Trainee: 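Dropping a structure here in structure tokens format, bear with me for questions.
Since the model is a prediction, treat every value here as computed from it, not as a measurement. Just so it is clear, the values below take in all heavy atoms, side chains as well, and ignore hydrogens, waters and symmetry mates.
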Amino acid sequence: MPHYEALFAPGQIGGLALPNRIIMAPMGSNFADENHEVTNRLIAYHVARAAGGVGLQIVEHTAVHPLGLTGAHMLAVYDDAMIPGLRRLTDAVHEAGGRIALQLQHGGRQASADVIGQRPIAPSAVSVRGGGRPEKMTEEQIREVIDAFGEGARRAREAGFDGVEVHMAHGYLGCSFLSPLLNRRDDDWGGDTQRRTRFGREVRRAIAERCGDEFPCWCRISADEFIDQGTDLDEARRFAPMLAEAGYQALHVSAAIGETSRYASAPYYIEPGHLLPLAAGIREVVDVPVIGVGRILTPDLAERALAEGMCDFVALGRALLADPQWPAKAREGRAEEIIPCTGCNLGCSDRSYSDGLLQCTVNPFTGREIDWPGYPGGSEPERKLRVLVVGAGPGGMQAAIVAAHRGHDVTVWEQAGDVGGAFRLAAMAPGKSVFADFLRWQREELERAGAHLQTHTHATDESVLQFDPDQLIVATGSRPLTSAALPYGAGGRFVLSDDVLKGDAEVTSPVFVVSNMGMGAEIAHLLAEQGHAVTLLESGDDPAPLVPAAPRAFLLERLEELRVTIRTGHRVLGLDAEGILIEADGHETRVDDPGTVVLALGRRSDDDLASALEGARVSMTVIGDAHRPRHAQAAIHEGALAGRDI
């Protein structure tokens, strides 16, 4: 059993003693109310992480000034009236055994003009990659914001926080002062490295004046902005010692600005621990603790980063959204039971399925802590029911896991020889093998929960009625659309995207991937990685409209590197023996003699079983793609809710 000696060794930041080296990274949640104050949902969310054994949790970016707001539900600390709500948060976390710090932030150029009612302010009026141009700050405005950081720290201390982190990363105001790209001033606030650190040094002085030198205070920096003329590691190694000398008691080493944020919240395409070399580079030049971050997903990786001296603490972000019990499971030798973060960015960054609120694809509990105490068990049912789940995709398995944890007798039927359904196929696309890790966790959790899994079992209306369940959950998933979805059909040869993912399709170049709503982009990626000459014919204007921003950016970059030809606005009308008939710009064109045509038109519900059982005397819930084809988060969350409601 791994002991993770480095991970669970006590540590210290200034005078703040921590029981282990695990820090919860600050992540925006949108859980604050319209007045930017603490809510019960935010408290329950943080209490769950404290109960999971994290050594320190850093509350998300919190505005120190009204002009620093980046969202309508961003937390703030710019008024004494906010102290009581923040005190409720710290009291609850402390009662749960945790330690909690507040990240102080001003949005700067990345503040929301709609929320603040004016153009954002920044060190310089620099617009990057077509973004809005901020207003250059005056000396008076700079002094006002520095005082606001000091006052924010005072309020945090009075509210019971154990320390504060000054946000000087990710393109926000503090980062903009440090960045040679974003700070073009030639006065005392910009120019050489020393002058560009002045804002950060003055903020530290303002905090010390109000809270004392010993009140724990550290800062977060971007050690590489991944953009021309921006901060790189060499520059960060020049300014990091200056910040430490100014009194910051630790450096939290992240990366990127708004335009390159995909590196800060890197998706499945990027290797775990990708930012740790930056932390190691900073640690070589400072004499204060360094916090490393960046897709640190497993205890083994965290232990190695600490043991090899890359950093002194590890910050976990999305890993703690996927499983707030990550620290406890690691400490107890149950690392294999940790719910793996897939890096999909659906619930944490995209949030289109959750009305802008923070959630997690693989953990339906995240963001619902106040609604669902005791997940996955919760309240015991009035009586133990016989539950049948048809389909062992991620939605069906999640329904079975929750229902079994609640005490029901659960059986899962899966007609294939393995679990996963379409999600298992998705794991076969480049970069997405971590999806299979989640399916492995689900299958093992089924067993731990006491559910019975039967593969190679085809469900019919007759077999279901013969089984006679008290509750039936239909999670039969979806099927790929075929040539029947084309206006003129197909008289020519084609293969389906599912068969390409399975490796069952014979493919010869050139390959034309026929895509609808971006369904073919990852297929094009896979085939191009295999060495084929690929053209993507996308019916819409965007080759990957349904993919969250960070993975989308890396996917499109990779398609360009692989020289995939992308033709948007190309609607395929049909296939015949000679080739492909296409409508583009209001005209019909042809592609003759294609090597292989791959159809990636989308999916339709496999609802045969549900339709056959309509009107039958069985209590039935249909979830996931069987209800309506969407994405894994919808299936998993609907499955969990179906299991809860039995």
Side-chain angles (χ1 to χ4, degrees), residues 24-52 57-63 69-76 82 85-86 88-89 92-93 100 102-103 105 107 110-112 114-115 170 261 264-265 267 316-324 339 341-376 378 394-395 398 402 546-551 623-624 630-642 644-645:
M24 177 182 171
M27 294 169 284
S29 68
N30 272 356
F31 292 161
D33 65 19
E34 63 275 7
N35 296 316
H36 310 289
E37 296 196 48
V38 169
T39 61
N40 291 336
R41 187 172 303 279
L42 182 67
I43 292 172
Y45 161 73
H46 275 287
V47 165
R49 273 76 202 165
Q57 50 210 98
I58 305 174
V59 176
E60 63 203 70
H61 62 178
T62 302
L69 291 165
T70 60
H73 288 273
M74 179 185 179
L75 194 64
M82 295 167 169
L86 293 166
R88 288 201 302 123
L89 172 60
V93 167
I100 186 168
L102 188 68
Q103 187 185 64
Q105 189 244 33
Q110 293 170 188
S112 169
D114 290 339
V115 174
H170 303 165
S261 61
S265 298
L316 310 183
R318 289 167 293 171
L320 287 171
L321 301 182
D323 197 337
I339 305 172
C341 167
T342 62
C344 68
N345 284 20
L346 266 172
C348 53
S349 297
D350 180 71
R351 306 187 189 182
S352 58
Y353 181 66
S354 55
D355 295 325
L357 297 178
L358 180 71
Q359 288 187 352
C360 177
T361 293
V362 298
N363 189 348
F365 182 53
T366 295
R368 293 189 174 100
E369 293 85 359
I370 193 171
D371 309 313
W372 198 339
Y375 175 91
Q398 198 68 34
V402 171
L546 303 180
V547 181
I623 65 169
R630 284 151 296 160
H631 46 64
Q633 184 180 347
I636 293 166
H637 286 224
E638 287 176 6
L641 294 171
R644 181 190 68 168
D645 290 342

Trainee: Not counting sequence neighbours, which residues clear ring pair (Phe, Tyr, Trp, His ring centres under 6.0 Å) with H170? List them please.
Mentor: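 H170: ring pair (Phe, Tyr, Trp, His ring centres under 6.0 Å) contacts with H167.
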Trainee: Where do M82 and A76 come nearest, in terms of heavy atoms and distance?
Mentor: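 So the two residues come closest at SD-O, 3.3 Å.
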Trainee: Considering residues at least two apart in sequence or located in another chain, which fulfil the side-chain contact (heavy atoms from CB on, under 4.5 Å) criterion with A111?
Mentor: I116, P120
Trainee: From the options R630, Q633, Q398, select the one residue that forms a side-chain contact (heavy atoms from CB on, under 4.5 Å) with E638.
Mentor: R630
Trainee: Could you pull out all residues at least two apart from F31 that satisfy ring pair (Phe, Tyr, Trp, His ring centres under 6.0 Å)?
Mentor: Y45
Trainee: Identify, with sequence neighbours excluded, every residue that meets salt bridge (charged side-chain N to carboxylate O under 4.0 Å, His left out) alongside E60.
Mentor: none
Trainee: Give me the atom names and distance for the closest heavy-atom approach of C344 to T361.
Mentor: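 Minimum heavy-atom contact is SG-OG1, 3.2 Å.
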Trainee: Not counting sequence neighbours, which residues clear side-chain contact (heavy atoms from CB on, under 4.5 Å) with T70? List them please.
Mentor: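 Once residues adjacent in sequence are excluded, the partners of T70 under the side-chain contact (heavy atoms from CB on, under 4.5 Å) criterion are H61, M74, Q105, Y172.
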Trainee: According to the salt bridge (charged side-chain N to carboxylate O under 4.0 Å, His left out) rule, which pairs have a member within residues 26-46, sequence neighbours left out?
Mentor: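 Of all non-adjacent pairs touching residues 26-46, those that pass salt bridge (charged side-chain N to carboxylate O under 4.0 Å, His left out) are R41-D371.
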Trainee: Please enumerate all residues that pass ring pair (Phe, Tyr, Trp, His ring centres under 6.0 Å) together with H631, with sequence neighbours excluded.
Mentor: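 Testing H631 for ring pair (Phe, Tyr, Trp, His ring centres under 6.0 Å), a comparison that skips the adjacent residues, returns Y353.
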Trainee: Measure across L358 and C348 and return the closest heavy-atom pair with its distance rounded to 0.1 Å.
Mentor: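 Heavy-atom minimum between the residues: CD1-CA, 3.7 Å.
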Trainee: With sequence neighbours left out, what residues match R88 under side-chain contact (heavy atoms from CB on, under 4.5 Å)?
Mentor: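 Applying side-chain contact (heavy atoms from CB on, under 4.5 Å) to R88 gives V38, N40, I43.
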Trainee: Does Q110 have any side-chain hydrogen bond (donor to acceptor under 3.5 Å, both in side chains) partners at least two apart in sequence or in another chain, and if so, which?
Mentor: none
Trainee: Sort and list the pairs that fulfil salt bridge (charged side-chain N to carboxylate O under 4.0 Å, His left out) and have at least one residue in residues 361-370, not counting sequence neighbours.
Mentor: R49-E369
Trainee: For N363, which residues count as a side-chain hydrogen bond (donor to acceptor under 3.5 Å, both in side chains) partner, sequence neighbours excluded?
Mentor: none
Trainee: Name all pairs fulfilling the salt bridge (charged side-chain N to carboxylate O under 4.0 Å, His left out) condition that reach into residues 341-354, sequence neighbours left out, sorted by first residue then second.
Mentor: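 The answer is none; no pair qualifies.
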